[in-house]
Amino acid sequence: MSRLDSFIRRVSAQRDCLNQVAEDLKGTEGSILEFGLGNGRTYDHLRSLFGAEDIYVFERKVNAHPDCIPDDEHLILGDVLETLPTAKDRIGRSVRLAHCDIGTGDKEASLKLAAQMSVYLDQLLHRGAYVVSDQPQEVEGWEAQPLPENVAPGRYHIYRKA
Ligand code: SAM
């Protein structure tokens, strides 16, 4: 598979997973967390699905398209392992969806970061909340959910807090 094919499959999987979860969350209320602003693609998509008001973005260093940068109130700057542990004071246990996309080419480091984050993230999720993730997660009480039919197993991951 070419790198172009691989990229297209990855971003299609992100879009399809987020769309599927947004459909399930219709009529619910609560915060949305975006981990990894990057150039703002998935943030912009989340904004189109849920509106910007409920979305908090965690990012180490902003390098996004200027149209896709959240306001200061919704941008939590710094290393996520430093900002996430204290985010409960600001966000509470109000989260209905977290999208985790902070993996890099280093698979081992990405898995480790995802596992470290999940301990704190779990404390922010209310019952029935979704986690859509670029990395697999093994967290007690997070149940793996079916993927959209055109997303290959393992390409992206959806969990729901029981
Ligand atoms: N979802 C984004 C998009 O659609 O454009 C792409 C996100 S990009 C793959 C990963 C982002 O995670 C990078 O912008 C990087 O700076 C951020 N990141 C990686 N490790 C981080 C950490 N420990 N704390 C905060 N941000 C981190």
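Below, all heavy atoms of this structure are taken into account, side chains as well, without hydrogens, waters or symmetry copies. Whatever order the structure lists them in is the order used to number ligands and atoms, beginning at 1.
For the salt bridge (Lys or Arg N to Asp or Glu O under 4.0 Å) test, no residue two or more places apart in sequence or in another chain qualifies with R160. Residues satisfying the ring pair (Phe, Tyr, Trp, His ring centres under 6.0 Å) criterion with F35, sequence neighbours excluded, are F58.
The shortest distance between side-chain heavy atoms of L125 and R96 does not fall below 4.5 Å.
Ligand 1 has an N or O atom lying under 3.5 Å from an N or O atom of G38, backbone or side chain. Between T42 and ligand 1, an N or O atom pair is found at a separation short of 3.5 Å.
Salt-bridge formation is detected for the pair R10/D101: a Lys NZ or Arg NE/NH1/NH2 atom is positioned less than 4.0 Å from an Asp or Glu carboxylate oxygen.
With no hydrogens or angles considered, a side-chain donor-acceptor pair links S2 and D5 at under 3.5 Å. In summary, the side chains of D24 and Y130 do present a donor paired with an acceptor at a separation below 3.5 Å, with no hydrogens or angles considered.
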Audit row: N19, H45, side chain to side chain donor-acceptor pair (under 3.5 Å) steps and yes/no: CA-CA 9 Å; N19 285 352; H45 195 67; 2.7 Å; yes
Any chance you could lay out the side chain to side chain contact (heavy atoms under 4.5 Å, CB included) test for K112 and D106, step after step, and finish with the verdict? CA-CA 10 Å; K112 187 175 172 197; D106 184 339; over 6 Å; no
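Taking every non-hydrogen atom of G78 and a distance limit under 4.0 Å, the qualifying atoms of ligand 1 come out as 24 (N), 25 (C). Within the listing of ligand 1, atoms 5 (O) sit less than 4.0 angstrom from a heavy atom of G40. Residue R41 approaches ligand 1 through these ligand atoms, each under 4.0 Å from one of its heavy atoms: 3 (C), 4 (O), 5 (O). Close contacts of ligand 1 with G36, meaning ligand atoms under 4.0 Å from a residue heavy atom, involve 1 (N), 2 (C), 7 (C), 11 (C), 12 (O). Residue-ligand proximity, D79 to ligand 1, at heavy-atom distances under 4.0 Å covers atoms 23 (N), 24 (N). Listed by number with element, the atoms of ligand 1 under 4.0 angstrom from any heavy atom of N39 are 5 (O).
Looking at atom 9 (C) of ligand 1, its nearest protein heavy atom turns out to be D101 O, 3.7 Å. Looking from atom 14 (O) of ligand 1 to the surrounding protein, the closest heavy atom is E59 OE1, 2.8 Å.
The residue from R60, H99, H45 that puts a heavy atom closest to atom 21 (C) of ligand 1 is R60. Proximity annotation for atom 22 (C) of ligand 1: of I76, V80, D134, L37, V80 comes nearest, heavy atoms only.
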